[in-house]
Amino acid sequence: MGMVLYDGRPADCSGRSEREIKVYDLLDSLGIPFQRTDHAPATTMEVCDVIDAVLDCLICKNLFLCNRQQTDFYLLMMPGDKVFKTKELSPQIHTARLSFGSPEKMEEMIGTHPGSASIMGLMNDPENKVQLIMDEDVVKGEYIGCHPCINTSSLKIKTKDIMEKFLPAVHHEPIFVHLTGEV
C-alpha cells in the first residue's frame, strides 16, 4: 500500500508514542497546520526518497553534533542530498572538533533517538543547551519535512511557520551556515 498524505494529527492517537503526540499538541496549540504521512522506519535514504516524493518537499538530514569536550551541542539541519563535511562546518561555528553526540545525550537533550532527530525535538530543550544550525538552503523552499520525534511518521510544515511560530515558541534561534556538500 502506498503512503498517504493526511491533514493534521491522527484521528486516533492510541498506540502512538507520547513524544509524537506532544509534537502534535504543540503544533495545534501554535495554530500551525501540517500534513503527515506514516511509513516504515526511515532508516535509509531510499525510504527517505519515497517520503520526499509523497510529501513533495525536502526532508532534512538532522545531525546531532557536539564538540570534543561534550560541552556544546548542535542540531544541524541540511538538505538530505548534501554530504556532511565537518571541516566545512567547524570554521563557520567556531568549533574545532565536531563529532556525533551520543544516543544517550540525544535522548536527554532533545528527547529523541538516532534516526528520529528533528527540529521538533527542540521543544524538549527548554534550557537551550542545543544550538540549532541550519544550512541556508533548508529555508529556501516553501515547506520543510521533518519527523515528529519518531521516524515512522513525517510532517510537512510551511517553512514560514517553522521560522516565525515554532522556533520563537521553543525559544531557539538558528545560526545559518553555507554548506556546499561537495566532497
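Quantities reported herein were computed from a predicted structural model and do not represent experimental measurements.
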A.B. asks: State, with a plain yes or no, whether a side-chain heavy atom of Gln131 is found less than 4.5 Å away from one of Asp72.
C.D. replies: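 Side chain of Gln131 against side chain of Asp72, heavy atoms only: no contact under 4.5 Å found.
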A.B. asks: Tell me whether the guanidinium CZ or amine NZ of Lys156 lies under 6.0 angstrom from the six-membered ring centre of Tyr143 and within 45° of its axis.
C.D. replies: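 Satisfied, under 6.0 Å and within 45°.
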A.B. asks: Of all heavy-atom pairs between Ser118 and His147, which one has the smallest distance, and what is that distance?
C.D. replies: OG-O, 2.6 Å
A.B. asks: Would you confirm whether Ser154, through its side chain, and Cys146, through its main-chain N or O, come within 3.5 Å as a donor-acceptor pair?
C.D. replies: no
A.B. asks: State the CE-CG distance between Met77 and Asn62, to the nearest 0.5 angstrom.
C.D. replies: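 If we round to the nearest 0.5 Å, Met77:CE and Asn62:CG are 5.0 Å apart.
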A.B. asks: Apply ring pair (Phe, Tyr, Trp, His ring centres under 6.0 Å) to Phe166 and list each qualifying residue two or more places apart in sequence or on a separate chain.
C.D. replies: none
A.B. asks: Could you name each residue pair satisfying salt bridge (Lys or Arg N to Asp or Glu O under 4.0 Å) that touches residues 130-145, not counting sequence neighbours?
C.D. replies: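 For residues 130-145, and leaving out neighbouring residues, the salt bridge (Lys or Arg N to Asp or Glu O under 4.0 Å) pairs sorted by first residue read Lys82-Asp135, Lys82-Asp137, Asp137-Lys140.
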A.B. asks: Has Glu173 got more than 12 heavy atoms of other residues, nucleotides or ligands less than 6.0 Å from its CD?
C.D. replies: no
A.B. asks: Whether the side chain of Thr37 engages the backbone of Leu5 through a donor-acceptor N/O pair (distance < 3.5 Å, no angle test) should be reported.
C.D. replies: no
A.B. asks: Looking at Asp161 and Ile32, would you say the former's side chain and the latter's main chain have a donor-acceptor pair under 3.5 Å?
C.D. replies: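 Such a contact is absent between Asp161 side chain and Ile32 backbone.
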A.B. asks: For residues Met163 and Leu122: do they belong to one hydrophobic cluster (side chain heavy atoms under 4.5 Å, members Ile, Leu, Val, Met, Phe, Trp, Tyr)?
C.D. replies: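 Cluster IDs for Met163 and Leu122 match.
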A.B. asks: Could you check whether any side-chain heavy atom of Asn124 comes within less than 4.5 Å of a side-chain heavy atom of Arg19, counting everything from C-beta outward?
C.D. replies: no
A.B. asks: Enter the distance from Glu20:CD to Asp25:CG here, rounded to the nearest 0.5 Å.
C.D. replies: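 Between atom CD of Glu20 and atom CG of Asp25 there are 11.0 Å.
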A.B. asks: Can you tell me how far CD1 of Ile162 sits from CE of Met134, rounded to the nearest 0.5 angstrom?
C.D. replies: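 Met134 CE to Ile162 CD1: 7.0 Å, rounded to 0.5 Å.
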A.B. asks: Report the distance from atom CE of Met106 to atom CZ of Phe64, rounding to the nearest 0.5 Å.
C.D. replies: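 It comes to 6.0 Å.
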A.B. asks: Nearest heavy-atom pair of Leu55 and Leu155: which atoms, and what distance?
C.D. replies: CD1-O, 3.8 Å
A.B. asks: Over all heavy atoms of both residues, which pair between Cys149 and Thr112 is shortest? Give the atoms and the distance, please.
C.D. replies: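 Distance-wise, the nearest heavy atoms are O-OG1, 3.3 Å.
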A.B. asks: Which value, rounded to the nearest 0.5 Å, describes the distance between Lys22 atom NZ and Leu27 atom CG?
C.D. replies: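 Answer rounded to 0.5 Å: 12.5 Å.
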A.B. asks: Working to the nearest 0.5 Å, report the span between CD of Glu164 and NZ of Lys160.
C.D. replies: 4.0 Å
A.B. asks: Starting from Phe100 and following side-chain heavy-atom contacts under 4.5 Å between hydrophobic residues (I, L, V, M, F, W, Y), which residues can be reached?
C.D. replies: Leu63, Leu65, Tyr74, Leu76, Met78, Phe84, Leu89, Ile93, Leu98, Ile133, Ile175, Val177, Leu179
A.B. asks: Applying the side chain to side chain contact (heavy atoms under 4.5 Å, CB included) criterion to Met120, which one of Ile157, Leu26, Ile110, Ile150 satisfies it?
C.D. replies: Ile157
A.B. asks: Minimum heavy-atom separation for Val138 and Cys60, please, with both atom names.
C.D. replies: CG1-SG, 3.7 Å
A.B. asks: Can you tell me if Lys165 has over 12 outside heavy atoms packed within less than 6.0 Å of its NZ?
C.D. replies: yes
A.B. asks: Give me the atom names and distance for the closest heavy-atom approach of Ser153 to His39.
C.D. replies: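 Reported closest heavy-atom pair: C-NE2, 3.3 Å.
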A.B. asks: Under a 3.5 Å distance rule, please check whether Thr159 uses its side chain to pair with a backbone N or O of Val139 as donor and acceptor.
C.D. replies: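 Not a single qualifying donor-acceptor pair exists.
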A.B. asks: Between Ile144 and Phe176, is there a shared hydrophobic cluster once you connect ILVMFWY residues whose side-chain heavy atoms come closer than 4.5 Å?
C.D. replies: yes
A.B. asks: So, Gln70 side chain and Cys66 main chain: donor-acceptor pair closer than 3.5 Å or not?
C.D. replies: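 Looks like no, no N/O pair under 3.5 Å.
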A.B. asks: Kindly indicate whether the side chain of Arg16, heavy atoms from C-beta on, has any atom under 4.5 Å from the side chain of Asp38.
C.D. replies: yes
A.B. asks: On a heavy-atom basis, which atom in Asn128 and which in Val170 lie closest, and how many Å separate them?
C.D. replies: OD1-O, 4.2 Å
A.B. asks: Applying a strict under-4.5 Å side-chain criterion to I, L, V, M, F, W and Y, I'd like to know whether Val54 and Phe34 cluster together.
C.D. replies: no
A.B. asks: Spell out, yes or no, whether Ile51 and Ile119 are grouped together once hydrophobic residues are joined by side-chain heavy atoms under 4.5 Å, including indirect joins.
C.D. replies: no
